[in-house]
Structure formats: structure tokens, C-alpha cells
Amino acid sequence: MNDTNTMHAALRGNATTIAIETDADEIETALAQWWHDNARDLPWRFGRTTPWGVLVSEVMSQQTQMGRVVPYWTAWMERWPDAAALAEAPKSDVITAWGRLGYPRRALRLQECAHVIAYDYADELPHTYDELLALPGIGDYTASAVLSFAFGERIAVVDTNIRRVLSRAFVGVESLGGSASPAERALAKRLLPDDDSAKCRRFDRPSVVWNQAVMELGATVCTAKSPLCEACPIAGKCAFLRNGRPGLGQRRTRPRQLFQGTDRQVRGLVLNALRGLPDGETVLDRKSVERLWKDHVQLDKCIASLDEDGLIEILPGGGVRLPV
DNA sequence: ATCCAGTTTG
DNA sequence: CAAACAGGAT
């Protein structure tokens, strides 16, 4: 029962049914109260924005800390309040406004997404998982998150925080591996509270509060490396803590490629140079491009990949610019 | 399984 | 300095 390998096997679904804690109801109650008292006051929460605003916040938050997203989201929504507005914007403005959020392809995908919503859906977000999943840049997590947080639908949201918290609290082990296993998804589904007889605002429904509370707990208390178990509202019912936190902080993913010297760094340099062009100038000439990186073979490879991604355009003389 | 890309944290 | 971060596409 306390054997880590056995429980990892159970989490992968190789063993018989996991003995889920019977006090799941108490955990739900404690987390709902904790959410009520501790939820960060982010501008896209508590029904203060449109479904489109929620989608924008989710895309910006993919692999980017929420705290850094807030100022970008606020400026973005003021400039482009809905999908139709973003669909009309020049790409160069979109890329520039994305600034240093990282992963600039997300900005282009968000605009493609805005095109589809504006023209195919009359500027209203679709309400079904399959339709949302089909949108550019929207995967399982974001589709589920929009359904839950924007529309109040009862659906299990599975992200890295929720995986970590549910695995720790209910199975007693760290969540391992790259993507969510079927067993982890099943666990999330099984624990999702019912919304029956809940006559309240969309964002106050039990399943929505549960998704947000578990995620928030993972982001602020039940963190990967050094969880603040002293401050955790469910510490008394946590299987991981009871087990002595086996394998705490154990690496879940393979070591990542170093940044220094990689294509990512070079791509970042090129985009940053284009963003930093003086007012009125739109083109970075070949000489300036070559000054960015000594290895011209790698440089040209990165320029080509940026062009393929639609993030830049290559001009006849070898200069580059942001697409219009 | 890898790539993407910028910042914060331990 | 490496890991981690409300992932998605290939």
C-alpha cells in the first residue's frame, strides 16, 4: 500500500482500482472555502470578462506564469476587445503586442483563432469541446478550461497543476511522465463534483470551483519543488504528506535542452530586433540581421523557420520584416 | 518524442 | 545554473 512502485503502477492503470480516499467530499468543501478566501483577483475571473476574454487569458497562460500575463491581457483586451477586432489587426501589431510573453507562435494562433470565430461563428465562441478543440492553438487543456471557466460546463480540466495535486492528495505519489495518462484523466473525472441542484452563477458551480481551486492550489501552495504543506487546507487528508512525501520534486520530464546557443535563442534575437525597430522603420536589412548571430548557417535556418511559422517575411535582399 | 522562448525561482 | 511554468503542434 505504501510501496511507491505499486502506486505508480496503479496510477498508470496497470493495477486494480486505486483506493480513493473516502473523504473526497470533505476535501471538496475545504478547497471551496480555501478558494473563496485565497483566490487571486485576476481580471478574467469571477465573471468580469467575456468568454473570448477567458480564452485569451488561457492562451497567454500556456507555459507562462499568470502574474506576468495580467498586464499583457489587460492591454490586449482594451485594444482588441473581441475576436472580430483581433481578426482585423495587422500581424505585425499582434506580434509586437505579444511582447515578451514568449512562444510568439501562440500570438499568431490566437489571431487565426479569432478569424475562425469572427467569420465562422459570428464572433461568438462555440460551446462544444470538439468545436473548441478544432480551433488553432486550442488543445485539450484550453478547450476544457474555456468550457468550465467561461461557460460553467461540468468538465474535468487536466493540466500540470491538477495532475500534481490530485496525484499527491488522492494517490500519494508524484505525477510522472510527459503527458496525462488515461488513469490521471479518469481520476480527474471521477473526482469532479456534481453540479446538480446548484442554482448559482456559472463560475460558482461546484465543478467550476473545484477545477479552479485545485489548479490554484497547485500554482500557489502545492508547488512542484517545495510545497507549502503547512499552509495547505487539505494537509490533514493528503495521502502524499501521510506517506512522507516520497520522491518530492522528482523530475517528471526529461532534462530540457539548454537555451544557450539553440535555435530558440536565435529566433528570439531576430524577433526582438524587429520589435525594437525605431518608429517608422519596418525592415531589418541583411547587414543588421548578420550582426545578430555569428553562425550564419544557423541564423539562416532560424530565419527560414520563422518565415515558415509566419512570424517574419524574408525580403529579396535578405532583409526581414514582420508580416503585415 | 521534440521543439518552441522568456522569466522566475531555489 | 537548472527546473519550472494554467501547453500545443508536429
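In what follows, chains carry the letters A, B, and so on, assigned in the order in which the sequence lines appear, proteins first and then strands, with residues in each chain numbered from 1.
Contacts of A:Thr142 with the nucleic acid, taken as non-hydrogen atoms under 4.0 Å apart, involve only primed sugar atoms and P, OP1 or OP2. Within the nucleic acid shown, A:Asp140 comes within 4.0 Å of sugar-phosphate atoms alone, with no base atom in reach, counting heavy atoms only. When heavy atoms are screened at a 4.0 angstrom cut-off, A:Leu271 is found touching no nucleic acid atom at all. A:Arg109 comes within contact range of the sugar-phosphate backbone alone, with a heavy-atom separation under 4.0 Å but no base atom that close. Among the protein residues, A:Ala145 comes within range of no part of the nucleic acid, since none of its heavy atoms lies under 4.0 Å from any strand.
Side-chain N/O atoms of A:Arg100 include none lying less than 4.0 angstrom from OP1 or OP2 on B:dA5. For C:dG7, the OP1/OP2 oxygens have no side-chain nitrogen or oxygen of A:Gln62 closer than 4.0 Å.
Here the C1' atom of nucleotide C:dT10 and the CZ atom of A:Arg106 are 18 Å apart, to the nearest Å. When rounded to the nearest whole Å, the span between CG of A:Asp309 and P of C:dG8 equals 17 Å. For the pair A:Asn161 CG and C:dC5 C1', the interatomic distance rounds to 8 Å; values are reported in whole Å. Between the CH2 atom of A:Trp44 and the P atom of C:dA6 there is a distance of 12 Å, rounded to whole Å. Distance A:Glu308 CD to B:dC3 P: 16 Å, rounded to the nearest Å. Atom-to-atom, OH of A:Tyr103 to P of B:dT2 comes out at 15 Å; the value is rounded to the nearest Å. Summarising the geometry, the separation between CD on A:Gln63 and P on B:dT2 is reported as 16 Å, rounded to the nearest angstrom. Nucleotide C:dG7 holds its P atom 9 Å from the CE atom of A:Met215, rounded to whole Å.
For the P atoms, the distance from B:dG10 to C:dA6 is 13 Å, rounded to whole Å. Separating the C1' atom of C:dA4 from that of B:dA5 is a span of 14 Å, rounded to the nearest Å. The C1' atoms of B:dG6 and C:dT10 are separated by 22 Å, rounded to the nearest whole Å.
In terms of position on DNA chain C, the residue among A:Pro136 and A:Leu42 whose nearest nucleotide sits closer to the 5' end is A:Leu42. Where A:Leu133 and A:Gln212 each meet DNA chain C at their nearest nucleotide, the meeting point lying more 5' is that of A:Gln212.
On a pure distance criterion of 3.5 Å, a polar donor-acceptor pair joins the side chain of A:Arg45 and the base of C:dA6.
Taken from CG in A:Leu176 to OG in A:Ser181, the straight-line distance is 10.0 Å, to the nearest 0.5 Å.
Here the closest heavy-atom approach between residue A:Cys222 and residue A:Arg164 is recorded as O-NE, 2.8 Å.
Note on A:Asp41 versus A:Arg48: salt bridge recorded, some NZ/NE/NH1/NH2 to OD/OE distance being below 4.0 Å.
Every pair passing salt bridge (Lys or Arg N to Asp or Glu O under 4.0 Å) that includes a residue from residues 66-92 of chain A is listed here, sequence neighbours excluded: A:Arg79-A:Asp93.
Checked against C:dA4, B:dA5, C:dG7, the side chain of A:Asp159 finds its nearest nucleotide in C:dG7.
Applying the ring pair (Phe, Tyr, Trp, His ring centres under 6.0 Å) criterion to A:His115, with sequence neighbours excluded, gives A:Tyr119. Remark: A:Phe151 engages A:His127 in a ring pair (Phe, Tyr, Trp, His ring centres under 6.0 Å) (not counting sequence neighbours). Applying the ring pair (Phe, Tyr, Trp, His ring centres under 6.0 Å) rule to A:Trp80 yields the partners A:Trp76; only residues at least two apart in sequence or on another chain are considered. Partners of A:Arg109 by salt bridge (charged side-chain N to carboxylate O under 4.0 Å, His left out), not counting sequence neighbours: none found.
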Check nucleotides 8-10 of chain B for protein N or O atoms closer than 3.5 Å to its own N or O atoms and list the pairs.
none

